[in-house]
*Asks:* 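Here's a structure for you.
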Protein chains: 4
Amino acid sequence: MNERSFTFDLIMHSKRNLILRAAEKIIASGGIQGLSMQLVAKEAGVAAGTIYRYFKDKDDLILELRKDVLAQVASAILEDHHVGTLEQRFKRIWMKMHNYGKQPSPANLSYEQYAHLPESNTDEIRALEMKLFEPLHRLFEEGLAQGSIQPLHPRALYAVAMEPSMTMARAMRRGLIEYDEKDITLACDLCWRAIYIPTTPTN
Amino acid sequence: MNERSFTFDLIMHSKRNLILRAAEKIIASGGIQGLSMQLVAKEAGVAAGTIYRYFKDKDDLILELRKDVLAQVASAILEDHHVGTLEQRFKRIWMKMHNYGKQPSPANLSYEQYAHLPESNTDEIRALEMKLFEPLHRLFEEGLAQGSIQPLHPRALYAVAMEPSMTMARAMRRGLIEYDEKDITLACDLCWRAIYIPTTPTN
Amino acid sequence: MNERSFTFDLIMHSKRNLILRAAEKIIASGGIQGLSMQLVAKEAGVAAGTIYRYFKDKDDLILELRKDVLAQVASAILEDHHVGTLEQRFKRIWMKMHNYGKQPSPANLSYEQYAHLPESNTDEIRALEMKLFEPLHRLFEEGLAQGSIQPLHPRALYAVAMEPSMTMARAMRRGLIEYDEKDITLACDLCWRAIYIPTTPTN
Amino acid sequence: MNERSFTFDLIMHSKRNLILRAAEKIIASGGIQGLSMQLVAKEAGVAAGTIYRYFKDKDDLILELRKDVLAQVASAILEDHHVGTLEQRFKRIWMKMHNYGKQPSPANLSYEQYAHLPESNTDEIRALEMKLFEPLHRLFEEGLAQGSIQPLHPRALYAVAMEPSMTMARAMRRGLIEYDEKDITLACDLCWRAIYIPTTPTN
DNA sequence: GATGAATGAGAGTTCATTCAT
DNA sequence: TATGAATGAACTCTCATTCAT
């Protein structure tokens, strides 16, 4: 049964994955509006009916894709997140986020399509987000605990210091502007200093 | 011709506006996905065919609404933008943006639906954005000229110092968190200090 | 407004009727299973979408058709129902029902498709049935009141004395058997005598 | 070959039967419309493809089920059909039919789904019907031969005297009415007297 | 024999758009 | 100008049937 299960899982996973990747690609280029089940089927090289073996309906496909992409983003951004000082860790995440957000990959392009859907920021997504980005959350908590980060809610710290990374990446990707290495480094540093509280030597 | 034109314009404008407001409301509550021409017609109290007298097609309606909403946002945010010191002007805009972004008005709710549409960030929208937010742009340029603001492209300055205002507003509106007055003031101040360069006394 | 309403009603009614007749015809020849909205549209000579202006969905179309056909049957059967003695009235209805049930008209053929649908014998249909066949019901009630009909619930009287009329008609229509006039008259008479109580002369 | 054949037949028959019972149950609760091959497979605990080993296609499954159910009904109704006088035999069948028709068993509920399908009253079904209900047919023939039953075709006799039994049973099952024992007995007796010719003593 | 994943035609339904009034 | 009935292409989803395992 092991052998069979294993093969089964591989096939299962591969076809499911095929469909997710196809949907991701379509959303990346045409937005959620452009996502039709026929198109996904065609892009994935399966029959339309097959999609429904792996996903309950279109909404379910979108939800699962969202979770999948969220995991991709998190894993890309949080690589090596625990190495170094607080500042090093923060800046590494900032830069990885920036570099990830800059590229026009399907995963990244589709990512920003989900964020602003009304009604669809379900608890399930939020809980997953919480779980996946826990290291970032913890980084802020640590800083708060040792008094080296401004006393704000982690989400506010994220808004002030991290969101600019994505915003700038998006602007670059869209060709609104071109930054050189120096500018990025400066922006990253400014973000860090915005929330950092230098320990004042007593004397 | 004047008299007739005037009346005509009024009617024209009122009906066109009726349609835009209806579309705005629908997008605010159901997203762009939920926008159907029949629904707009019903909400606006006109016949479906009438919409096509004022807008070429659905895409045109959305584009025009986008421009309309952008103007609303700009005017709400940039009120009194030229009064006071650089810091006062910056903080006034930051707070207005935050307060505007917090409220669940149709204009605001529909606003974020447009931002991330692929393919549709046309030059036309960008040019309009440029024009409408010119005061903010000028504020940064002034600071750069007098050396009191970090040497970054205005768009980067916006990303670092302004975007957090909207991000926090959105989080509040969605009930992800609650900030009190003090937190907002602190966040606003941190954003300002992130890009501000204090003038060093010469001695 | 009268003029317009009138025209409107005519058009409204004519198109709605066109669709009902098309559906009736299709059900008559292929059963409810064979009823597809595309087919109805084609048969009625309208676009598929048009059906949805007049009927909420397929179920609604079927329900409305059912009501329509029920009314047709009732009016055909109950013509002149109040003329003559109890026996004459009973036998007239019996014969009309028989003659109606014999013919392979779309209305009649589709009629028997609805009767045995599970779950769909809604209160609405039952109430309509009650109302439309009220004269028959009253005929039984009269006979019961004057003691000239067997003391059974009207529905039982219907089952015993009327249903055979339809059953025989169906058998003829399906070519299972051929009756001549004499047989029908005999069967009709037997049905009447089955529920009739002769008034016994006192002496 | 005998031994193997026997086992084979048992298995064959048991699986085939499993499928028929599953289909019967599904039709009983959801009508023929609700019958899908995947549902039958699930209910029967076999794979979808397996059904096609025992039945050519869906139509064949329905046809075979129809025959199966017809046999069930006939055997339930005609039990002990040859015991007693003509009247006793008739009334026994009438009552059995009534009692069978009253119960909401899968077999009975699915039975009435087939009766009114157009196109499908095939000669095969008719021949089987003829064969299965032959005892009832013979009962009528006997009565006709000895002049104690009205001179009508057996099918007409069935319509006049037997069909009411089923019609009343259906009405009870559907909750349209409640009869007590006395009413049923009366109805049964009326049906019998409707076709019975008392032998007139000569002088 | 038995499985059940895969197929794809076809179902019901929606909706942007047109056009006679 | 304004209407809204009508259109029909395109949508999501189901399901009878097949076939490699």
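Throughout, protein chains are lettered first and strands after them, A, B, ... in sequence-line order, and every chain is numbered starting at 1.
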*Asks:* Whether C:Y54 contacts F:dA6 is assessed here as follows: a side-chain N or O lying under 4.0 Å from the phosphate OP1 or OP2. Is that the case?
*Replies:* yes
*Asks:* Using a heavy-atom cut-off of under 4.0 Å over every strand shown, decide if B:L35 touches base, sugar-phosphate, or nothing.
*Replies:* sugar-phosphate
*Asks:* Only one of B:I27, B:L35, B:V40 forms a side chain to side chain contact (heavy atoms under 4.5 Å, CB included) with B:L65, so which one is it?
*Replies:* B:I27
*Asks:* What residue among D:E124, D:E24, D:E129 forms salt bridge (charged side-chain N to carboxylate O under 4.0 Å, His left out) with D:K67?
*Replies:* D:E124
*Asks:* Counting side-chain heavy atoms from CB outward, which of F:dT3, E:dT3, F:dC13 is closest to D:V46?
*Replies:* E:dT3
*Asks:* Of all the nucleotides listed (F:dA2, F:dA16, F:dC13), which has the minimum atom distance to the side chain of B:R53?
*Replies:* F:dA2
*Asks:* Can you check whether C:K58 reaches C:I51 side chain to side chain, under 4.5 Å on heavy atoms?
*Replies:* no
*Asks:* What's the CG-P distance between C:D60 and E:dG12, to the nearest Å?
*Replies:* 14 Å
*Asks:* Please report the closest heavy-atom contact between B:G34 and B:L39, naming both atoms and the distance.
*Replies:* O-CD2, 3.6 Å
*Asks:* Got a donor-acceptor contact below 3.5 angstrom from the A:T50 side chain to the A:V46 backbone?
*Replies:* no
*Asks:* Whole angstrom is fine here: how far is it from OH in C:Y52 over to C1' in F:dA9?
*Replies:* 15 Å
*Asks:* For C:M37 and for A:G45, find the nucleotide of DNA chain E with the closest heavy atom, then tell me which residue's nucleotide is more 5'.
*Replies:* A:G45
*Asks:* For the side chain of B:A48, counting heavy atoms from C-beta on, which of F:dG4, E:dG12, F:dC15 is nearest?
*Replies:* F:dG4
*Asks:* Given F:dT7, E:dA2, F:dT3, identify the nucleotide with an atom nearest to the side chain of C:T50.
*Replies:* F:dT7
*Asks:* So which nucleotide from E:dT13, E:dT18, F:dT3 ends up closest to the side chain of B:A47?
*Replies:* F:dT3
*Asks:* Without decimals, in angstroms, what is the distance between A:K42 NZ and E:dA9 P?
*Replies:* 14 Å
*Asks:* Map every base of DNA chain F to its dot-bracket character, where paired means a Watson-Crick or G-U wobble contact with both distances under 3.5 Å and | marks a partner outside the strand.
*Replies:* .||||||||||||||||||||
*Asks:* Between C1' on F:dT17 and CG on D:L61, what's the gap in Å once rounded to a whole number?
*Replies:* 14 Å
*Asks:* What is the distance, to the nearest angstrom, from the CD1 atom on B:I32 to the P atom on E:dA16?
*Replies:* 13 Å
*Asks:* DNA chain F: D:Q33 or A:K58, which has the more 5' nearest nucleotide?
*Replies:* A:K58
*Asks:* Roughly, in whole Å, what's the span from CG in A:L39 to C1' in F:dT12?
*Replies:* 14 Å
*Asks:* Do you know which two heavy atoms are closest between B:E43 and B:A22, and how far apart they sit?
*Replies:* CG-CB, 3.5 Å
*Asks:* Over all heavy atoms of both residues, which pair between C:Y54 and C:I19 is shortest? Give the atoms and the distance, please.
*Replies:* CD1-CD1, 3.9 Å
*Asks:* Can you check whether A:R126 reaches B:R174 side chain to side chain, under 4.5 Å on heavy atoms?
*Replies:* yes
*Asks:* Pick the closest DNA chain F nucleotide for A:D57 and for D:G49 by heavy atoms, then say which residue is nearer the 5' end.
*Replies:* A:D57
*Asks:* Starting at CD1 of B:I51 and ending at P of E:dC15, how long is that distance when rounded to a whole Å?
*Replies:* 13 Å
*Asks:* Does OP1 or OP2 of E:dA6 have a side-chain N or O of A:K15 closer than 4.0 Å?
*Replies:* yes
*Asks:* From CD of D:Q38 over to C1' of F:dA16, roughly how many Å is that when rounded to an integer?
*Replies:* 7 Å
